[in-house]
2 protein chains.
Amino acid sequence: MVDEQDFLSTYDPRAYPSVAVTVDVVALTIRDGALHLLLIRRGQPPFEGHWALPGGFVRPDEDLTTGARRELAEETGLGGERLRRVHLEQLASYGDPGRDPRMRVVSIAHLAFAPDLPDPAAGTDADEAIWLPVTALASRQLAFDHGRIIDDALERARSKLEYTPLATRFLAPEFTISELRAVYETVWGQPLHAGNFHRKVISVPGFVEGTGASTERGGARGGPRARLYRAGDARLLHPALLRPAPEEPTP
Amino acid sequence: MVDEQDFLSTYDPRAYPSVAVTVDVVALTIRDGALHLLLIRRGQPPFEGHWALPGGFVRPDEDLTTGARRELAEETGLGGERLRRVHLEQLASYGDPGRDPRMRVVSIAHLAFAPDLPDPAAGTDADEAIWLPVTALASRQLAFDHGRIIDDALERARSKLEYTPLATRFLAPEFTISELRAVYETVWGQPLHAGNFHRKVISVPGFVEGTGASTERGGARGGPRARLYRAGDARLLHPALLRPAPEEPTP
DNA sequence: TGAATAGTGTCTCTGAGACAATATGAG
DNA sequence: CTCATATTGTCTCAGAGACACTATTCA
């Protein structure tokens, strides 16, 4: 430990006690109409047997986002084009002293939106990895402060759907408006009006662009064949697609 | 350096090469009708003589936000109630390898909104610290990647005014609607319609609450005395106060 | 044939913004 | 007195949401 004076005046990082920096990833996907996230079962203490976010130490030569993408690739066995289609962004950093009982660890958490992916365990190391429905989180014991990170990530994801076109990242490159609506309904946890949603999505510039094609068959329970769309080139939605307001506590 | 296998399988932070973690603060305030930010002139290499954000190493026993608040206090000489009124939130983390030429440094950047404060230099250490108008940034040489951090912070600040009541944090505890409008105009860099702004602010639940009092005198150039308001208890503005859209590139 | 779905039309209400009007107080 | 400012009123238009309707396709 350096003394206070030196500490404040020189700012020399080489004289500073070491802190470990990790990246963690809250990877979300939609399977069977439910929002899932990727969790790893820990094989060693601390929190042995608990569930944790995929993550690990940042390597000396990679930036934070690269590290997060690498961790995601390692745990999902994903690579190439499929990995590139996954949206990844920084979420926030978590560094409370004591969040890891072994030493000071600051984690840079990331948020990922992925299209439906194969089950993760195959091809990775011995860790048990699963896609868990977020509704099943309450029954799992989570390691570290990962419960809080997941809460923050879910709120960020809900919010991101409002003002960005990232909902498309949960889907295949071509999708129908109904499939897109299902993403919103799943992430927001409430049904949306099909007609109004359709008109809204079409009317926002750059959200989606038509391919000219339609689905081969109608819906499983009937209905016309739906037109197919691709993601447009907008980075932000103007105007935004706001969540229905949760009940106002009328006085 | 640990070998790859151990690296991936044990995740033992004690075996990992050290990374330094710092907190930096983009502290914004409004002086003389212009947006200013706090900068420190570096007295040592690297980037000696360049301007940098206030910041420093996270101490072993403090969490990230506490560290940021401490750094801000040290550089501004602020404490107690005045420090408590400063809004502080995490912005993002910056950890590209090579951003600090000495070693790997990951910085957790924070964003602060402060009411007009006294000049910083007094009472702090020998560093030269100033409130610089953001319009004067182009002419300054900034250390590290602090230029990018500041860009991100300014965009976040502009965005935060849209959907939170944090504009009030730039003002004294009691303020007029015109003063609040001046904050928005300064941060967004464009004039707003006085009448519409007034009605909007009053109509958003929990944004401001009247004190019943009015200013002692009218404006410097005449006009009636304005009513005084306090910040309300809303954390978010519903509906939001959106920035005027920047020119649509009409086809 | 019956039911579900895709897509469109219409109506209403809210809120944003342009513009106007009135009242107050500094210089 | 003159002008700037605070505050409120009015009008219009865009957009959100409720509801309705038609066409299409699966079972």
Side-chain angles (χ1 to χ4, degrees), chain A residues 33 161-163 174-185 188 190-205 207-229 236-248 250, chain B residues 33 161-163 174-185 188 190-205 207-229 236-248 250:
Chain A
L161 292 208
E162 292 191 316
Y163 61 95
E174 298 197 352
F175 51 86
T176 67
I177 301 294
S178 289
E179 288 167 343
L180 185 61
R181 176 164 49 84
V183 171
Y184 276 89
E185 291 175 332
W188 286 352
Q190 59 188 309
L192 300 174
H193 187 286
N196 290 339
F197 181 87
H198 191 281
R199 189 190 359 255
K200 170 70 183 177
V201 168
I202 298 300
S203 74
V204 174
F207 192 176
V208 299
E209 58 184 26
T211 65
S214 293
T215 52
E216 288 296 321
R217 294 180 35 89
R221 277 156 294 184
R225 291 181 285 185
R227 290 175 216 163
L228 288 168
Y229 295 85
L236 294 173
L237 303 183
H238 285 301
L241 215 163
L242 299 179
R243 276 175 275 187
E247 307 297 313
E248 277 183 43
T250 325
Chain B
L161 292 208
E162 292 192 314
Y163 62 94
E174 299 197 352
F175 51 84
T176 67
I177 302 294
S178 289
E179 288 167 343
L180 185 61
R181 177 164 49 86
V183 172
Y184 276 88
E185 291 175 332
W188 285 351
Q190 59 189 311
L192 299 175
H193 186 287
N196 290 338
F197 180 86
H198 191 281
R199 191 190 359 257
K200 170 70 183 177
V201 168
I202 298 299
S203 75
V204 174
F207 192 175
V208 298
E209 57 184 27
T211 65
S214 293
T215 52
E216 288 298 321
R217 293 178 37 88
R221 278 158 291 185
R225 291 181 286 187
R227 287 174 219 164
L228 287 168
Y229 295 84
L236 293 173
L237 303 183
H238 285 302
L241 215 163
L242 299 179
R243 274 176 278 187
E247 308 298 313
E248 275 183 44
T250 324

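Chain A is the first sequence line, chain B the second, and so forth, proteins listed ahead of strands; every chain is numbered from 1. Remember, it's a predicted structure, so these values are computed and weren't measured experimentally.
- Taking CG of B:N196 as the start and NE2 of B:H198 as the end, the distance is 11.5 Å to the nearest 0.5 Å.
- A heavy-atom distance below 4.5 Å is not found between the side chains of A:F175 and A:V183.
- Checking the phosphate oxygens (OP1, OP2) of D:dC3, no side-chain nitrogen or oxygen of B:R221 falls inside 4.0 Å.
- In this entry the distance linking CZ of B:F197 with C1' of C:dG15 reads 16 Å, nearest Å.
- Both B:G222 and A:H193 lie near DNA chain D, and the one whose nearest nucleotide falls closer to the 5' end is B:G222.
- The side chain of B:R225 contributes no N or O atom lying less than 4.0 Å from OP1 or OP2 of D:dT7.
- The interatomic distance linking A:E179 (CD) with C:dT5 (P) rounds to 14 Å, in whole Å.
- Among the nucleotides C:dC19, D:dA16, C:dG7, the one closest to any side-chain atom of B:N196 is C:dC19.
- The nearest heavy atom of DNA chain C to B:G195 and to B:S203 marks one nucleotide each, and the one closer to the 5' end goes with B:S203.
- Using a 4.0 Å heavy-atom criterion, one finds that B:A220 contacts the sugar-phosphate atoms exclusively.
- B:G218 comes within contact range of the sugar-phosphate backbone alone, with a heavy-atom separation under 4.0 Å but no base atom that close.
- Taking atom CG on A:L192 and atom C1' on D:dC19, their separation rounds to 17 Å, with Å as the unit.
- One finds no side-chain N or O of A:H198 lying less than 4.0 angstrom from the OP1 or OP2 phosphate oxygen of C:dA6.
- Of all the heavy atoms in B:L237 and B:L161, the pair that sits closest is CD1-O, 4.1 Å.
- Comparing D:dA6, D:dA27, D:dT8 by their closest approach to the side chain of A:R217 singles out D:dA27.
- For A:K200, no side-chain nitrogen or oxygen approaches OP1 or OP2 of D:dG15 to under 4.0 Å.
- With values rounded to the nearest 0.5 angstrom, B:F207 atom CZ is found 11.5 Å from B:L236 atom CG.
- Distance NE2 (B:H238) to P (C:dG15): 13 Å, rounded to an integer number of Å.
- Which of C:dT5, D:dA6, D:dG9 sits closest to the side chain of A:P224 comes down to C:dT5.
- B:Y184 has its OH atom 17 Å from the C1' atom of C:dG17, to the nearest Å.
- One atom, CG of A:L242, and another, P of C:dT14, lie 17 Å apart when rounded to the nearest Å.
- Counting any heavy atom pair closer than 4.0 Å across all strands shown, B:R199 reaches a base atom.
- If you check D:dT5, C:dG7, D:dT8 against the side chain of A:I177, the one that comes closest is C:dG7.
- Base engagement by B:G223 is indicated by at least one non-hydrogen atom pair under 4.0 Å involving a base atom.
- Scanning all heavy atoms of the two residues, the minimum distance from B:L192 to B:P244 falls at CD2-CG, 4.0 Å.
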